[in-house]
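This structure is a prediction, so every number in the text was calculated from the model and none was measured. FYI, side chains are in, hydrogens and waters are out, and symmetry mates aren't considered; it's all heavy atoms of this structure.
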Protein chains: 2
Amino acid sequence: MSIPDQVARRTQPNADSAAEDYLKTIYHHTEWQSAPVTPSVLAATMGVAPSSVTEMAKKLSAAGLVNYEPYKPLTLTPEGTARARGVIRRHRLIETWLVDEMGYDWHEVHDEAEVLEHSISDRLLDAIDTRLGHPTRDPHGDPIPAADGSVENSPALLLSQAAVGTSGMVVRISDRDPSLLLSLAAAGIRPSTTLSVVSRDAGAGFIVRVALASDADADTGPLVPVSASGSSSIWISAPA
Amino acid sequence: MSIPDQVARRTQPNADSAAEDYLKTIYHHTEWQSAPVTPSVLAATMGVAPSSVTEMAKKLSAAGLVNYEPYKPLTLTPEGTARARGVIRRHRLIETWLVDEMGYDWHEVHDEAEVLEHSISDRLLDAIDTRLGHPTRDPHGDPIPAADGSVENSPALLLSQAAVGTSGMVVRISDRDPSLLLSLAAAGIRPSTTLSVVSRDAGAGFIVRVALASDADADTGPLVPVSASGSSSIWISAPA
DNA sequence: GCGAATTTTTAGGCGTGCCTAAAAATTCAA
DNA sequence: TTGAATTTTTAGGCACGCCTAAAAATTCGC
C-alpha cells in the first residue's frame with residue numbers, strides 16, 4: 001500500500017456544471033417565451049457552436065433529462081425540469097443573499113450567482129434559505145422555486161406587449177443584462193415601481209411614465225424611454 | 001451576424017482550480033512540516049498519480065509559480081507563494097464564515113471550503129472578510145493570511161514533539177481529517193483548550209489531561225488518549 | 001414543387017487533467 | 001560500488017466540452 005487508492009477523483013470538476021447550464025437555459029426559454037427551443041437558439045443564447053448543442057443534447061437525452069430527436073426542438077423531461085428548477089433556485093437564492101446580506105446591488109449579482117450556483121452544497125443553500133426567511137422572489141422579481149420544486153407563477157404582462165395607456169406595477173425584470181439593470185435603476189425603474197405606457201414604437205421602443213412613490217397614479221412622474229430590447233425584459237402586473 | 005462571437009468561453013471551468021490545489025498543497029507542506037515536497041509525497045497527498053504531478057509541475061514552472069527541475073523536490077516561487085496564500089486565505093475565511101454565520105460546526109466546513117475557495121470572487125471574499133471583522137484565525141486556529149499576503153505566525157509546538165509534563169493551550173488543529181476533529185471536539189479538545197501531556201508512547205500515542213475551563217492548571221480534568229496521527233495534527237502554545 | 005437558404009448533424013481536432021505501463025534516473029544497502 | 005529497490009519521467013490513452021468544416025436534413029420562397 002505505497003500509494004493510496006486513486007479512484008473516485010476522476011470527474012472532479014464542479015459536478016456537471018455544463019449540463020446544468022444547458023438545462024437552465026432550456027428551462028428559461030420555456031419559462032418566459034413559450035417558443036420551442038431549437039439548437040440554434042440555444043447555441044446563440046449560450047454562446048457556443050451549434051454542434052456543441054447537438055453533442056450535449058445527446059448526453060442529456062441519454063441521461064433522461066431532455067427529450068431529443070434529431071432536427072427537432074429540445075424539451076425537458078420531468079426530471080430535467082426538476083434539475084433545472086434546482087439550479088434556478090440556487091441562482092436566485094444566491095442573488096437574494098448577495099443583495100440582502102452582502103451589500104451587492106441588484107445589477108451586480110448575476111455573474112457571481114452564475115458561478116456559485118454550481119458549487120454551493122445543498123447544506124449551505126438551505127442555511128442561506130433559512131437565514132433569508134425562505135424568500136419567494138429574488139431581487140429582480142423572479143420567483144424562487146421552492147425546495148420541493150414548485151414555482152409560484154403570478155401572471156404578468158411583458159412591457160413589449162402592453163398597449164399605450166396600460167399601467168401596472170413592475171413585477172419582474174430579466175437579470176440577463178446588467179447594463180440594462182443599471183440604466184433602469186438610474187431611471188427609477190425596479191420591481192414594485194408603477195409604470196404607465198405613454199407611447200410605443202415597434203422600432204424605437206417605448207416611453208413610459210414612472211409614477212412617483214408617493215402619488216402612484218398621477219401624471220406627475222418623469223417620462224423615461226425604454227429600448228425595444230428593454231421592453232421585452234420587463235414584466236408588469238396584469239391590469240386589474 | 002447570425003451567431004454572436006463565441007470566443008472568450010474556451011477555458012471556462014473554474015479558472016485554474018487544479019493548479020491552485022497544487023500550489024496550496026505545496027505551501028501546506030512547507031508551512032507545517034519543513035521537509036521538501038517530492039513529487040511522490042505530493043501525489044500521495046493529493047490522491048493523484050505521480051505522473052500527474054510531473055505534468056503539472058512543468059506547467060506551473062512554465063507559469064513561474066514553482067521551481068521545478070527533474071528529479072528534484074518542488075518549491076514555490078515568490079509568485080507561487082503569493083498565489084497559494086491567496087487560496088488559503090479564501091479557504092480559511094470561508095471556513096470562518098461558515099462557522100460564525102452559517103451554523104456550521106468546525107468539523108463540517110472543510111469540504112465546502114475546498115470547493116468554494118475556487119469559485120468565490122474577490123469582491124465577495126472582501127464582503128465576507130469585512131462582515132467578519134477581518135479575522136486572523138479560522139475555527140481550527142489556523143492563521144488567515146491578510147489581503148496583502150502577510151501571515152501572522154505564532155510559534156507553536158506540535159503535540160507529537162511535546163515531552164511528558166509539558167502543558168499549554170491548543171492553538172491550532174489541522175483541518176485535514178474531519179473525523180479527528182469530531183472526536184477531539186467530543187473529548188473537549190479545540191483551540192484554546194489547555195492540555196498537559198501525561199504520557200507518550202511512540203507507537204500508541206499520547207494521553208493528555210484536558211484542563212477544565214474554570215480551573216486551568218489543576219489536575220482535575222479528564223484524561224484523554226490522542227493517537228499518534230492526532231498528536232501530529234495538534235499544536236499547543238510554546239511553554240512560557 | 002423544387003432549388004436555394006438555413007439549420008442541424010457528423011467528422012475530426014484541441015487543451016485540460018487525469019490515468020496506466022514502461023523506461024530512465026536516483027537512492028539505498030550489502 | 002554495484003545491483004536492487006524506489007522514485008520520477010516519458011509515452012500513449014481517455015473523458016469532457018468546446019471548436020471548425022463539411023455533409024445531410026429541413027424549411028422557405030417563388
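The side chain of Ala18(B) has dG17(C) as its nearest neighbour among dC18(D), dT9(D), dG17(C). Listed nucleotides dG12(C), dT10(D), dC19(C) differ in distance to Lys58(B); the shortest reach to its side chain belongs to dT10(D). Closest to the side chain of Thr38(B), out of dT8(D), dT10(D), dC19(D), is dT8(D). For Pro50(B), the side-chain atoms get nearest to dT9(D) when compared with the rest of dT9(D), dC18(C), dT20(C).
In this structure Arg90(A) satisfies the salt bridge (charged side-chain N to carboxylate O under 4.0 Å, His left out) test together with Asp122(A), sequence neighbours excluded. The side-chain hydrogen bond (donor to acceptor under 3.5 Å, both in side chains) test applied to Asp177(B) returns Ser179(B), not counting sequence neighbours. Every residue was checked against the salt bridge (charged side-chain N to carboxylate O under 4.0 Å, His left out) condition with Glu95(B), not counting sequence neighbours, and none meets it. Partners of Arg131(A) according to the side chain to side chain contact (heavy atoms under 4.5 Å, CB included) rule, which considers only residues two or more places apart in sequence or in another chain, are Glu101(A), Glu101(B), Met102(B), Arg131(B). Not counting sequence neighbours, the partners of Pro191(A) by the side chain to side chain contact (heavy atoms under 4.5 Å, CB included) test are Trp106(A), Ile173(A). Here Arg89(A) pairs with Asp129(A) under the salt bridge (charged side-chain N to carboxylate O under 4.0 Å, His left out) rule; sequence neighbours left out.
The shortest distance between the side-chain N/O atoms of Thr54(A) and the OP1/OP2 oxygens of dT9(C) is below 4.0 Å. In this structure, Lys59(A) reaches the dG17(D) phosphate: one of its side-chain N or O atoms is under 4.0 Å from OP1 or OP2. Dashed line: the shortest gap from a side-chain N or O of Tyr22(A) to OP1 or OP2 of dC18(D) is under 4.0 Å.
Going from atom CD of Glu20(B) over to atom C1' of dG17(C) covers 15 Å, rounded to whole Å. Here dT9(D) presents its C1' atom at 15 Å from CG of Leu42(B), a figure rounded to the nearest Å. The interatomic distance linking Glu55(A) (CD) with dT7(C) (P) rounds to 20 Å, in whole Å. The separation between Met56(B) atom CE and dT9(D) atom P is 14 Å, rounded to whole Å. Met46(B) has its CE atom 11 Å from the C1' atom of dG17(C), to the nearest Å.
In the helix from dG1(C)-dC30(D) to dA30(C)-dT1(D), the terminal helix axes, each the rotation mapping four pairs' C1' atoms onto the next four within five end pairs, subtend 0°, rounded to 10°.
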Under 3.5 Å, which donor-acceptor pairs link side chains of residues 70-83 of chain B to any protein atom two or more places apart or in another chain?
unit_1, atom_1, unit_2, atom_2, d
Thr75(B), OG1, Asn67(B), OD1, 3.0
Thr77(B), OG1, Gly64(B), O, 2.7
Thr77(B), OG1, Leu65(B), O, 3.1
Thr77(B), OG1, Glu79(B), N, 3.4
Thr77(B), OG1, Glu79(B), OE1, 3.4
Thr77(B), OG1, Gly80(B), N, 3.0
Thr81(B), OG1, Thr77(B), O, 3.0

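Residue Ser51(A) places no side-chain atom within donor-acceptor reach of the base of dT8(C), judged by atom type and a 3.5 Å distance cut-off alone.
Within the 4.5 Å cutoff, the side chain of Val37(B) has no heavy atoms near those of the Thr45(B) side chain.
Non-hydrogen atoms lying under 4.0 Å from DNA chain D are contributed by Tyr71(A), all within residues 62-74 of chain A.
Comparing Val41(A) and Ser52(B) by the nucleotide of DNA chain C whose heavy atom lies nearest to each, the residue mapping closer to the 5' end is Val41(A).
A distance-only check finds no donor-acceptor pair linking the side chain of Arg92(B) to the backbone of Ile144(B) [under 3.5 Å].
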